[in-house]
Amino acid sequence: AFIAKKLMNMYSRCGNTPKAMEIFTCLHPKDTFAWNIILACHCRNNSLDEAYELFQQIPAPDLISWTTLLSAYAHCGHPDAAKSVFDRMPLRNEVSWNTMLAAYANNDRLEDAKRVFDSMPGRNLVSWNTLLDGYAQNGHISCMTALFHGMPQHDLISWTCTLSSLAQTGRMEEAVLVYESMPERDMITFNALLDGYAKYGHLVQAKSLFDSLPETNLISMTVILVGFAQSGRMRQAKEIFDRM
RNA sequence: GUUACUGCUUAUGC
């Protein structure tokens, strides 16, 4: 049963709902843990309606079942449906509050997000990052900057959200300042800055950043390739292409 | 017991 649940989760993450369902069907007894795995599987890979149907069949849904459903509505761009799930939850914790916050923040409902943020019983770094990214994604750069400076702590995600937002909107001077202040970086950080350079025509800077990277991946290659190709530097584009 | 929350970093397709 141990292994069965592990397997279900693996299939779920690979998007193979039929295989996950096959195991679930054979599984006895089906505890809430197992139900939650198959629910999360449908939330990730199938329609909301199917997920909701499944949720209704869970004999004893727990906090995780409720939060999984909430998260599905949040990710599918239905903040109001998410709110109604949230209101019907028999209990809530930090994660469910953060999920509700994300439902608003990721769907450009920043006033509502801020209201949730201010009224939640506790705020952790995920809460701060969620609101920060809401501002970042929706182009509220000054709110983002203010929040960034008001946060109690920053982690790699806080820094990268901010960098990415500046780079996406072509504020390359500020993006570089953030980049240079970062205590740590990863591939997402590199690629976010690289993409800003490439997108806004700074191909020389893009190439020199690219050459200095400790490692590259398929995304870095694609970013620089597209940058060269779209600016008509076909010889350099071909050079990258041949290396892929 | 990686069962639920924050990075949508590229392109293509739709």
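Numbered from 1 within each chain, the chains take letters A, B, ... in sequence-line order. Note that the coordinates shown come from a computational prediction; the quantities given were computed from them, not determined experimentally.
Between R185(A) and G7(B) there is no side-chain polar atom (N or O) within less than 4.0 angstrom of OP1 or OP2. Between K6(A) and the phosphate of U2(B), there is a side-chain N or O to OP1/OP2 separation shorter than 4.0 Å. Dashed line: the shortest gap from a side-chain N or O of H42(A) to OP1 or OP2 of A4(B) is not under 4.0 Å. The side chain of S71(A) places no N or O atom within less than 4.0 Å of a non-bridging phosphate oxygen (OP1 or OP2) of A4(B). At U6(B), none of the side-chain N or O atoms of Q153(A) fall inside 4.0 Å of OP1 or OP2 (strictly under the cut-off).
Taking atom CG of L156(A) as the reference point, atom P of U9(B) lies 13 Å away to the nearest angstrom. As rounded to whole Å, 15 Å separates atom P of U10(B) from atom CD1 of I224(A). Rounded to an integer number of Å, the gap from CZ of R123(A) to C1' of U6(B) is 16 Å.
As judged by a 4.0 angstrom heavy-atom cut-off over every strand, D186(A) is placed among the base-contacting residues. V126(A) comes within contact range of at least one nucleobase, with a heavy-atom separation under 4.0 Å. In this structure, T160(A) reaches the bases: a heavy-atom distance under 4.0 Å links it to at least one base atom across the strands shown. Across all strands shown, I157(A) has heavy atoms under 4.0 Å from base atoms, whether or not it also approaches the sugar-phosphate.
Using modelled atom types, one side-chain atom of S181(A) and one backbone atom of L177(A) make a donor-acceptor pair closer than 3.5 Å.
Between K19(A) and E22(A) there is a salt bridge, with a side-chain nitrogen of the basic residue lying less than 4.0 Å from a carboxylate oxygen of the acidic one.
Ring geometry for F117(A) against W128(A) counts as perpendicular: the plane angle is over 60°, on a 0 to 90° scale with 30° as the lower cut.
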